[in-house]
Amino acid sequence: MAFIATRARAAVCRVATRAAHARAMATLHFTKDHEWVSVDGDSAVIGITQYAQDQMGDVVHVSLPDVGDELSVGDTLASIESVKAASDVYVPVDCVVNEVNGELDGNPGLVNESPEADGWFAKVSVKDASALADMMDEAAYRAFCEQH
Amino acid sequence: MRARVLLMPGWTLFEQLALEESLMRSSQEMWLLLSRPALPAPCTVVMGANAKPHEVLNVNEVLARSAPVIRRFSGGGTVAVDEGITLTSVIGSTLHVTDAGRFPPEIMRWSERLYKPAFARIGSGMHLLEHDYCIGQQKIGGNAQALARDRWVHHTSWIWDIHPSSLRLLTVPPKTPAYREERDHDSFVARVKDLAPAAMSRGRLERQVLAAMLSQFEPVGEGGQPLFENGEGPNEMATSLWDAALGLPGASRFLQAALQAARTAAEQVHAESSARKSNKVVSLADLQAAGSRK
(Lines give C-alpha, C1' and ligand atoms only; values in the text may rest on other atoms or scores of the structure.)
Protein backbone atom coordinates (compact mmCIF):
# COMPACT_ATOMS: atom_id res chain seq x y z
CA MET A 1 0.00 0.00 0.00
CA ALA A 2 1.40 3.31 -1.02
CA PHE A 3 1.53 4.93 2.40
CA ILE A 4 4.38 5.91 4.60
CA ALA A 5 3.40 6.71 8.13
CA THR A 6 3.76 10.25 9.40
CA ARG A 7 2.85 9.75 13.01
CA ALA A 8 5.00 11.38 15.63
CA ARG A 9 8.18 9.51 16.55
CA ALA A 10 6.67 8.49 19.87
CA ALA A 11 3.87 6.58 18.12
CA VAL A 12 3.94 2.90 18.74
CA CYS A 13 3.73 0.50 15.85
CA ARG A 14 1.61 -2.20 17.29
CA VAL A 15 1.88 -5.56 15.65
CA ALA A 16 -1.10 -7.68 16.46
CA THR A 17 -0.86 -11.18 17.81
CA ARG A 18 -0.84 -13.62 14.98
CA ALA A 19 -2.51 -16.96 14.52
CA ALA A 20 0.74 -18.69 15.47
CA HIS A 21 -0.47 -22.17 14.62
CA ALA A 22 -1.27 -21.09 11.09
CA ARG A 23 2.13 -19.59 10.56
CA ALA A 24 4.35 -21.94 12.52
CA MET A 25 6.28 -22.87 9.39
CA ALA A 26 5.96 -19.51 7.64
CA THR A 27 8.23 -16.50 7.58
CA LEU A 28 6.83 -13.03 7.87
CA HIS A 29 7.94 -10.15 5.71
CA PHE A 30 6.83 -6.52 5.80
CA THR A 31 6.94 -3.82 3.18
CA LYS A 32 7.46 -0.09 3.59
CA ASP A 33 3.93 0.27 2.28
CA HIS A 34 2.65 -1.59 5.35
CA GLU A 35 1.76 -4.89 3.78
CA TRP A 36 2.65 -8.19 5.39
CA VAL A 37 3.54 -11.33 3.47
CA SER A 38 3.56 -14.70 5.21
CA VAL A 39 5.60 -17.08 3.08
CA ASP A 40 5.50 -20.85 3.41
CA GLY A 41 7.43 -22.52 0.62
CA ASP A 42 5.96 -21.38 -2.67
CA SER A 43 2.78 -20.11 -1.04
CA ALA A 44 2.10 -16.82 0.67
CA VAL A 45 -0.68 -14.94 2.39
CA ILE A 46 -0.87 -11.16 1.99
CA GLY A 47 -2.62 -8.46 3.97
CA ILE A 48 -2.10 -5.02 5.48
CA THR A 49 -0.62 -4.41 8.86
CA GLN A 50 -2.14 -3.32 12.14
CA TYR A 51 -0.40 0.00 11.71
CA ALA A 52 -1.93 0.57 8.28
CA GLN A 53 -5.48 -0.18 9.38
CA ASP A 54 -5.01 2.01 12.41
CA GLN A 55 -4.00 4.91 10.20
CA MET A 56 -6.77 4.44 7.65
CA GLY A 57 -9.79 4.36 9.90
CA ASP A 58 -12.90 2.25 9.48
CA VAL A 59 -12.78 0.03 6.41
CA VAL A 60 -16.12 -0.11 4.64
CA HIS A 61 -15.28 -2.10 1.53
CA VAL A 62 -12.45 -4.23 0.15
CA SER A 63 -12.15 -5.07 -3.53
CA LEU A 64 -10.03 -8.15 -4.12
CA PRO A 65 -8.55 -9.75 -7.23
CA ASP A 66 -10.00 -12.76 -9.00
CA VAL A 67 -8.70 -16.24 -8.33
CA GLY A 68 -6.29 -17.08 -11.10
CA ASP A 69 -5.07 -13.53 -11.60
CA GLU A 70 -1.38 -13.35 -12.36
CA LEU A 71 0.12 -10.32 -10.69
CA SER A 72 3.51 -8.68 -10.82
CA VAL A 73 5.17 -6.55 -8.19
CA GLY A 74 3.47 -3.17 -8.19
CA ASP A 75 0.17 -4.39 -9.66
CA THR A 76 -2.92 -3.53 -7.69
CA LEU A 77 -3.79 -6.35 -5.33
CA ALA A 78 -6.76 -4.75 -3.63
CA SER A 79 -8.62 -1.52 -3.17
CA ILE A 80 -9.66 -0.54 0.31
CA GLU A 81 -12.39 1.95 0.94
CA SER A 82 -12.30 3.62 4.31
CA VAL A 83 -14.45 6.56 5.24
CA LYS A 84 -14.13 9.08 2.40
CA ALA A 85 -11.18 7.37 0.68
CA ALA A 86 -10.44 4.62 -1.83
CA SER A 87 -6.85 3.39 -1.49
CA ASP A 88 -4.96 0.94 -3.64
CA VAL A 89 -2.91 -1.89 -2.14
CA TYR A 90 -0.12 -3.25 -4.31
CA VAL A 91 1.15 -6.78 -4.62
CA PRO A 92 4.68 -7.15 -3.18
CA VAL A 93 5.72 -10.30 -5.05
CA ASP A 94 5.12 -11.80 -8.47
CA CYS A 95 2.35 -14.31 -7.87
CA VAL A 96 -0.82 -16.08 -8.92
CA VAL A 97 -3.92 -15.63 -6.79
CA ASN A 98 -5.18 -18.93 -5.41
CA GLU A 99 -7.77 -17.72 -2.95
CA VAL A 100 -9.27 -14.44 -1.75
CA ASN A 101 -10.82 -13.77 1.63
CA GLY A 102 -14.53 -13.97 0.98
CA GLU A 103 -15.27 -12.97 4.58
CA LEU A 104 -14.32 -9.40 3.73
CA ASP A 105 -17.24 -9.09 1.35
CA GLY A 106 -19.83 -8.99 4.08
CA ASN A 107 -17.53 -7.96 6.88
CA PRO A 108 -14.91 -5.45 5.69
CA GLY A 109 -14.42 -4.38 9.29
CA LEU A 110 -12.46 -7.59 9.75
CA VAL A 111 -9.53 -5.67 8.30
CA ASN A 112 -9.74 -3.33 11.29
CA GLU A 113 -10.42 -6.06 13.84
CA SER A 114 -7.82 -8.58 12.74
CA PRO A 115 -5.65 -7.18 9.94
CA GLU A 116 -2.80 -9.63 10.40
CA ALA A 117 -4.86 -12.76 10.89
CA ASP A 118 -8.51 -13.09 9.90
CA GLY A 119 -8.40 -9.94 7.75
CA TRP A 120 -5.99 -11.38 5.17
CA PHE A 121 -6.57 -10.40 1.54
CA ALA A 122 -5.26 -13.15 -0.69
CA LYS A 123 -3.45 -16.46 -0.71
CA VAL A 124 -1.04 -16.73 -3.60
CA SER A 125 1.54 -18.90 -5.29
CA VAL A 126 4.80 -17.01 -5.36
CA LYS A 127 6.36 -16.96 -8.82
CA ASP A 128 9.43 -14.94 -8.00
CA ALA A 129 10.57 -14.60 -4.41
CA SER A 130 13.40 -12.19 -5.12
CA ALA A 131 11.36 -9.19 -3.95
CA LEU A 132 11.28 -10.68 -0.45
CA ALA A 133 14.92 -9.80 -0.02
CA ASP A 134 14.01 -6.10 0.04
CA MET A 135 11.39 -6.52 2.74
CA MET A 136 11.73 -6.19 6.49
CA ASP A 137 11.38 -8.70 9.26
CA GLU A 138 9.09 -7.93 12.17
CA ALA A 139 11.70 -6.19 14.29
CA ALA A 140 12.86 -4.00 11.43
CA TYR A 141 9.28 -3.16 10.53
CA ARG A 142 8.50 -2.19 14.11
CA ALA A 143 11.52 0.10 14.11
CA PHE A 144 10.50 1.50 10.73
CA CYS A 145 7.06 2.42 12.04
CA GLU A 146 8.51 4.16 15.06
CA GLN A 147 10.75 6.26 12.87
CA HIS A 148 8.07 7.44 10.45
CA MET B 1 5.02 23.46 -3.88
CA ARG B 2 4.21 23.99 -7.54
CA ALA B 3 0.98 23.08 -9.24
CA ARG B 4 -0.74 23.43 -12.57
CA VAL B 5 -4.07 25.21 -12.39
CA LEU B 6 -7.26 24.04 -14.06
CA LEU B 7 -9.79 26.82 -13.66
CA MET B 8 -13.27 26.58 -15.12
CA PRO B 9 -12.09 24.10 -17.76
CA GLY B 10 -15.61 23.51 -19.06
CA TRP B 11 -15.58 19.74 -18.78
CA THR B 12 -18.63 17.72 -17.92
CA LEU B 13 -18.71 16.14 -14.49
CA PHE B 14 -17.87 12.70 -15.87
CA GLU B 15 -15.02 14.12 -17.96
CA GLN B 16 -13.64 15.92 -14.95
CA LEU B 17 -13.69 12.82 -12.76
CA ALA B 18 -12.06 10.76 -15.51
CA LEU B 19 -9.34 13.37 -15.96
CA GLU B 20 -8.74 13.59 -12.23
CA GLU B 21 -8.20 9.86 -12.02
CA SER B 22 -5.79 9.91 -14.95
CA LEU B 23 -3.89 12.84 -13.47
CA MET B 24 -3.58 10.96 -10.20
CA ARG B 25 -2.44 7.71 -11.78
CA SER B 26 -0.39 8.92 -14.74
CA SER B 27 0.90 12.45 -14.12
CA GLN B 28 3.89 13.41 -12.03
CA GLU B 29 2.74 17.01 -11.57
CA MET B 30 0.48 18.47 -8.95
CA TRP B 31 -2.79 19.98 -10.02
CA LEU B 32 -5.36 22.36 -8.59
CA LEU B 33 -8.84 22.47 -10.03
CA LEU B 34 -11.84 24.72 -9.47
CA SER B 35 -14.89 24.34 -11.64
CA ARG B 36 -18.57 24.62 -12.22
CA PRO B 37 -18.93 21.50 -14.33
CA ALA B 38 -21.06 21.35 -17.42
CA LEU B 39 -24.13 19.31 -16.56
CA PRO B 40 -26.10 17.31 -19.13
CA ALA B 41 -29.17 17.39 -16.88
CA PRO B 42 -30.44 19.68 -14.10
CA CYS B 43 -28.82 17.41 -11.54
CA THR B 44 -26.26 14.62 -11.65
CA VAL B 45 -25.79 12.24 -8.75
CA VAL B 46 -22.28 11.06 -7.95
CA MET B 47 -21.82 8.00 -5.77
CA GLY B 48 -18.67 6.78 -4.08
CA ALA B 49 -16.67 3.87 -5.46
CA ASN B 50 -18.60 1.13 -3.69
CA ALA B 51 -21.89 2.70 -2.82
CA LYS B 52 -25.03 0.63 -3.30
CA PRO B 53 -27.63 2.56 -5.30
CA HIS B 54 -30.58 1.15 -3.40
CA GLU B 55 -29.07 2.38 -0.13
CA VAL B 56 -28.16 5.93 -1.13
CA LEU B 57 -30.55 6.94 -3.90
CA ASN B 58 -34.21 7.72 -4.03
CA VAL B 59 -34.21 5.46 -7.07
CA ASN B 60 -37.79 6.12 -8.16
CA GLU B 61 -37.11 9.84 -8.16
CA VAL B 62 -33.84 9.35 -10.04
CA LEU B 63 -35.61 7.27 -12.68
CA ALA B 64 -38.56 9.62 -12.96
CA ARG B 65 -36.25 12.56 -13.59
CA SER B 66 -33.75 10.62 -15.71
CA ALA B 67 -31.00 11.98 -13.51
CA PRO B 68 -27.56 10.72 -14.55
CA VAL B 69 -25.76 8.71 -11.89
CA ILE B 70 -21.99 8.37 -11.84
CA ARG B 71 -19.95 5.96 -9.76
CA ARG B 72 -16.68 7.77 -9.15
CA PHE B 73 -13.21 6.44 -8.51
CA SER B 74 -12.86 7.90 -5.02
CA GLY B 75 -14.45 6.76 -1.80
CA GLY B 76 -16.94 8.60 0.30
CA GLY B 77 -20.58 9.37 0.09
CA THR B 78 -23.14 10.43 -2.46
CA VAL B 79 -23.59 13.98 -3.68
CA ALA B 80 -26.11 15.71 -5.90
CA VAL B 81 -24.44 18.15 -8.27
CA ASP B 82 -26.59 20.86 -9.81
CA GLU B 83 -25.79 24.34 -11.07
CA GLY B 84 -25.27 25.68 -7.55
CA ILE B 85 -22.33 23.41 -6.78
CA THR B 86 -18.68 24.41 -7.13
CA LEU B 87 -16.04 21.70 -7.31
CA THR B 88 -12.44 21.88 -6.15
CA SER B 89 -9.76 19.26 -6.38
CA VAL B 90 -6.16 18.91 -5.32
CA ILE B 91 -4.16 16.21 -7.06
CA GLY B 92 -1.12 15.90 -4.89
CA SER B 93 1.80 13.74 -4.00
CA THR B 94 2.89 12.45 -0.63
CA LEU B 95 6.45 13.16 -1.75
CA HIS B 96 5.78 16.86 -2.23
CA VAL B 97 2.80 17.81 -0.05
CA THR B 98 4.62 16.55 3.02
CA ASP B 99 2.46 18.35 5.57
CA ALA B 100 -0.64 16.50 4.33
CA GLY B 101 0.62 13.20 5.67
CA ARG B 102 0.14 9.93 3.82
CA PHE B 103 -3.12 8.57 5.15
CA PRO B 104 -6.70 9.68 4.43
CA PRO B 105 -7.47 11.18 7.87
CA GLU B 106 -4.30 13.28 7.76
CA ILE B 107 -5.02 14.46 4.24
CA MET B 108 -8.53 15.42 5.26
CA ARG B 109 -7.23 17.49 8.19
CA TRP B 110 -4.73 19.14 5.86
CA SER B 111 -7.57 20.03 3.51
CA GLU B 112 -9.44 21.72 6.34
CA ARG B 113 -6.40 23.93 6.97
CA LEU B 114 -6.18 24.62 3.25
CA TYR B 115 -9.75 25.78 2.70
CA LYS B 116 -10.61 27.27 6.07
CA PRO B 117 -9.36 30.80 5.31
CA ALA B 118 -11.77 31.11 2.38
CA PHE B 119 -14.74 30.87 4.75
CA ALA B 120 -13.37 32.99 7.57
CA ARG B 121 -16.06 35.64 7.26
CA ILE B 122 -18.98 33.32 6.68
CA GLY B 123 -21.02 32.47 9.74
CA SER B 124 -18.80 31.00 12.43
CA GLY B 125 -16.30 29.87 9.81
CA MET B 126 -15.74 26.50 8.23
CA HIS B 127 -14.53 23.52 10.21
CA LEU B 128 -14.22 19.80 9.79
CA LEU B 129 -16.87 17.98 11.78
CA GLU B 130 -16.15 14.26 11.77
CA HIS B 131 -15.53 13.92 8.02
CA ASP B 132 -17.55 16.82 6.64
CA TYR B 133 -16.88 20.50 6.02
CA CYS B 134 -19.40 22.41 8.08
CA ILE B 135 -20.37 25.85 9.23
CA GLY B 136 -21.81 25.33 12.65
CA GLN B 137 -23.54 21.98 12.60
CA GLN B 138 -24.51 22.09 8.96
CA LYS B 139 -22.67 20.52 6.08
CA ILE B 140 -21.53 22.88 3.34
CA GLY B 141 -19.38 20.54 1.32
CA GLY B 142 -18.80 16.88 0.62
CA ASN B 143 -15.29 15.58 0.22
CA ALA B 144 -13.63 12.36 -0.86
CA GLN B 145 -10.22 10.94 -1.63
CA ALA B 146 -8.45 8.40 -3.76
CA LEU B 147 -4.89 7.23 -3.14
CA ALA B 148 -2.59 5.33 -5.47
CA ARG B 149 1.09 4.82 -4.67
CA ASP B 150 2.43 8.21 -3.63
CA ARG B 151 -0.30 10.17 -5.41
CA TRP B 152 -3.69 11.24 -4.16
CA VAL B 153 -6.74 13.20 -5.09
CA HIS B 154 -8.79 15.14 -2.58
CA HIS B 155 -11.92 16.60 -4.10
CA THR B 156 -14.78 18.61 -2.72
CA SER B 157 -18.23 19.70 -3.79
CA TRP B 158 -19.11 23.02 -2.20
CA ILE B 159 -22.77 23.88 -1.76
CA TRP B 160 -23.12 27.50 -2.75
CA ASP B 161 -26.73 26.67 -3.55
CA ILE B 162 -28.68 23.54 -4.27
CA HIS B 163 -32.21 23.01 -5.51
CA PRO B 164 -34.47 21.16 -3.07
CA SER B 165 -35.40 18.75 -5.84
CA SER B 166 -31.74 17.77 -6.16
CA LEU B 167 -31.61 16.77 -2.51
CA ARG B 168 -34.70 14.62 -3.01
CA LEU B 169 -32.69 12.35 -5.28
CA LEU B 170 -30.76 11.17 -2.24
CA THR B 171 -31.85 9.07 0.70
CA VAL B 172 -30.40 9.29 4.17
CA PRO B 173 -27.60 6.71 3.89
CA PRO B 174 -27.36 3.71 6.22
CA LYS B 175 -24.31 5.15 7.97
CA THR B 176 -24.39 8.78 8.94
CA PRO B 177 -22.08 10.88 11.10
CA ALA B 178 -23.14 11.24 14.70
CA TYR B 179 -23.47 15.01 14.41
CA ARG B 180 -26.20 14.57 11.81
CA GLU B 181 -28.57 13.43 14.58
CA GLU B 182 -31.09 11.94 12.17
CA ARG B 183 -31.75 15.27 10.44
CA ASP B 184 -33.14 15.11 6.94
CA HIS B 185 -31.21 16.61 4.02
CA ASP B 186 -32.91 19.99 4.23
CA SER B 187 -31.92 20.43 7.86
CA PHE B 188 -28.51 18.81 7.61
CA VAL B 189 -27.20 20.69 4.59
CA ALA B 190 -26.63 24.46 4.45
CA ARG B 191 -26.34 26.65 1.41
CA VAL B 192 -23.33 28.90 1.73
CA LYS B 193 -25.21 31.71 -0.02
CA ASP B 194 -27.64 31.76 2.89
CA LEU B 195 -24.80 32.14 5.39
CA ALA B 196 -22.52 34.48 3.47
CA PRO B 197 -22.59 38.25 3.84
CA ALA B 198 -24.99 39.92 1.44
CA ALA B 199 -22.11 41.46 -0.48
CA MET B 200 -20.47 38.12 -1.17
CA SER B 201 -21.20 36.69 -4.57
CA ARG B 202 -20.55 33.13 -5.60
CA GLY B 203 -17.68 34.29 -7.78
CA ARG B 204 -16.10 36.11 -4.90
CA LEU B 205 -16.25 33.02 -2.71
CA GLU B 206 -14.74 30.95 -5.50
CA ARG B 207 -11.89 33.43 -5.85
CA GLN B 208 -11.35 33.20 -2.09
CA VAL B 209 -11.22 29.42 -2.31
CA LEU B 210 -8.76 29.68 -5.19
CA ALA B 211 -6.66 32.14 -3.19
CA ALA B 212 -6.63 29.71 -0.28
CA MET B 213 -5.31 27.00 -2.59
CA LEU B 214 -2.71 29.38 -4.05
CA SER B 215 -1.49 30.24 -0.56
CA GLN B 216 -0.05 26.72 -0.45
CA PHE B 217 0.81 26.10 -4.09
CA GLU B 218 2.74 28.23 -6.57
CA PRO B 219 0.89 28.23 -9.90
CA VAL B 220 3.12 27.16 -12.75
CA GLY B 221 2.83 26.52 -16.44
CA GLU B 222 4.45 24.05 -18.74
CA GLY B 223 7.87 22.93 -17.58
CA GLY B 224 7.34 24.43 -14.16
CA GLN B 225 7.48 28.03 -15.38
CA PRO B 226 6.02 30.31 -12.69
CA LEU B 227 2.89 32.11 -13.82
CA PHE B 228 3.61 35.07 -11.57
CA GLU B 229 7.00 36.65 -11.08
CA ASN B 230 6.37 39.95 -9.36
CA GLY B 231 5.69 38.76 -5.84
CA GLU B 232 1.91 38.73 -6.25
CA GLY B 233 0.03 37.39 -3.24
CA PRO B 234 -2.60 34.66 -3.39
CA ASN B 235 -5.53 37.08 -3.65
CA GLU B 236 -3.99 38.94 -6.55
CA MET B 237 -3.05 35.72 -8.30
CA ALA B 238 -6.55 34.33 -7.80
CA THR B 239 -8.14 37.45 -9.25
CA SER B 240 -5.84 37.49 -12.26
CA LEU B 241 -6.40 33.81 -12.97
CA TRP B 242 -10.14 34.23 -12.50
CA ASP B 243 -10.28 37.10 -14.96
CA ALA B 244 -8.25 35.05 -17.43
CA ALA B 245 -10.45 31.97 -17.03
CA LEU B 246 -13.61 33.95 -17.66
CA GLY B 247 -12.09 36.06 -20.43
CA LEU B 248 -12.95 39.29 -18.64
CA PRO B 249 -11.85 42.63 -20.11
CA GLY B 250 -8.25 43.34 -19.37
CA ALA B 251 -7.45 39.72 -18.57
CA SER B 252 -3.89 38.60 -19.13
CA ARG B 253 -3.47 36.81 -22.42
CA PHE B 254 -0.45 35.05 -20.97
CA LEU B 255 -2.58 33.60 -18.20
CA GLN B 256 -5.35 32.72 -20.63
CA ALA B 257 -2.82 30.79 -22.70
CA ALA B 258 -1.40 29.14 -19.59
CA LEU B 259 -4.81 27.97 -18.43
CA GLN B 260 -5.58 26.60 -21.88
CA ALA B 261 -2.20 24.85 -21.96
CA ALA B 262 -2.94 23.26 -18.59
CA ARG B 263 -6.26 22.03 -19.84
CA THR B 264 -4.67 20.59 -22.97
CA ALA B 265 -1.92 18.95 -20.95
CA ALA B 266 -4.45 17.32 -18.63
CA GLU B 267 -6.46 16.02 -21.55
CA GLN B 268 -3.31 14.64 -23.11
CA VAL B 269 -2.38 12.81 -19.91
CA HIS B 270 -5.84 11.26 -19.89
CA ALA B 271 -5.75 10.28 -23.55
CA GLU B 272 -2.35 8.63 -23.20
CA SER B 273 -2.97 7.00 -19.85
CA SER B 274 -3.15 3.24 -19.80
CA ALA B 275 -3.93 3.22 -16.09
CA ARG B 276 -7.19 2.01 -14.63
CA LYS B 277 -10.23 4.07 -15.45
CA SER B 278 -12.76 3.48 -12.72
CA ASN B 279 -15.49 6.07 -13.18
CA LYS B 280 -18.68 4.61 -14.54
CA VAL B 281 -22.08 5.87 -15.52
CA VAL B 282 -24.58 3.72 -13.70
CA SER B 283 -26.84 2.11 -16.28
CA LEU B 284 -30.58 2.37 -16.41
CA ALA B 285 -30.79 -1.39 -15.91
CA ASP B 286 -28.72 -1.18 -12.73
CA LEU B 287 -30.87 1.62 -11.44
CA GLN B 288 -34.02 -0.29 -12.18
CA ALA B 289 -32.60 -3.33 -10.41
CA ALA B 290 -31.78 -1.11 -7.44
CA GLY B 291 -35.30 0.19 -7.45
CA SER B 292 -36.71 -3.28 -7.27
CA ARG B 293 -34.61 -3.99 -4.16
CA LYS B 294 -36.26 -1.23 -2.19
Side-chain angles (χ1 to χ4, degrees), chain A residues 1-9 11 13 31-35 48-65 69 71-92 104-109 111-112 115 144-145 147-148, chain B residues 17 20-21 24-25 47-52 55 71-79 93-95 97-112 128 130-133 141-156 173-177 275-276 278-279:
Chain A
M1 191 170 62
F3 304 130
I4 300 176
T6 56
R7 283 280 177 98
R9 288 172 184 268
C13 173
T31 73
K32 291 181 180 178
D33 294 328
H34 303 282
E35 294 128 3
I48 64 167
T49 66
Q50 177 75 29
Y51 189 99
Q53 73 77 28
D54 201 33
Q55 295 289 327
M56 292 189 71
D58 292 342
V59 175
V60 299
H61 186 89
V62 183
S63 297
L64 296 171
D69 280 355
L71 302 174
S72 302
V73 172
D75 287 346
T76 302
L77 174 69
S79 179
I80 300 174
E81 186 173 353
S82 53
V83 179
K84 299 290 188 183
S87 308
D88 287 348
V89 178
Y90 299 97
V91 72
L104 298 182
D105 192 33
N107 186 12
V111 177
N112 297 117
F144 171 78
C145 289
Q147 290 168 9
H148 293 86
Chain B
L17 288 168
E20 288 184 10
E21 184 178 20
M24 178 185 73
R25 297 189 187 282
M47 303 190 302
N50 299 292
K52 298 180 176 67
E55 290 184 350
R71 184 184 297 284
R72 66 176 184 265
F73 68 105
S74 57
T78 306
V79 294
S93 160
T94 58
L95 299 177
V97 190
T98 54
D99 59 341
R102 295 182 180 262
F103 288 95
E106 297 169 294
I107 294 172
M108 192 179 305
R109 287 192 291 274
W110 171 84
S111 75
E112 179 194 18
L128 196 59
E130 295 186 49
H131 305 290
D132 294 331
Y133 298 129
N143 72 97
Q145 298 176 40
L147 296 93
R149 302 188 191 280
D150 60 357
R151 307 266 303 166
W152 50 262
V153 170
H154 180 281
H155 48 203
T156 305
K175 289 185 181 177
T176 59
R276 188 163 85 228
S278 312
N279 299 288

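Residue numbers start from 1 in every chain, and the chains themselves are labelled A, B, ... in the order their sequence lines are given, proteins ahead of strands.
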Within 6.0 Å of CG in D99(B), more than 12 heavy atoms from elsewhere: yes
What is the distance from atom CZ of F103(B) to atom OG of S82(A), rounded to the nearest 0.5 Å? 10.0 Å
How many angstroms lie between CD1 in I80(A) and CG in L147(B), if you round to the nearest 0.5 Å? 10.5 Å
Are side-chain heavy atoms of D132(B) and K84(A) found at a separation under 4.5 Å? yes
Heavy-atom proximity to chain A below 4.5 Å, by part of R25(B): side chain
Please lay out, stage by stage, how D88(A) and R276(B) fare under the test salt bridge (Lys or Arg N to Asp or Glu O under 4.0 Å). CA-CA 11 Å; D88(A) 287 348; R276(B) 188 163 85 228; 2.9 Å; yes
F73(B) versus A86(A), closest heavy-atom pair with distance: O-CB, 3.7 Å
Minimum heavy-atom separation for V60(A) to K175(B), with atom names? CG1-NZ, 4.4 Å
Where is the tightest heavy-atom contact between G75(B) and E81(A), given as atom of each residue plus distance? CA-OE2, 3.4 Å
Heavy-atom check, side chain of Q55(A) versus side chain of E106(B), under 4.5 Å: yes
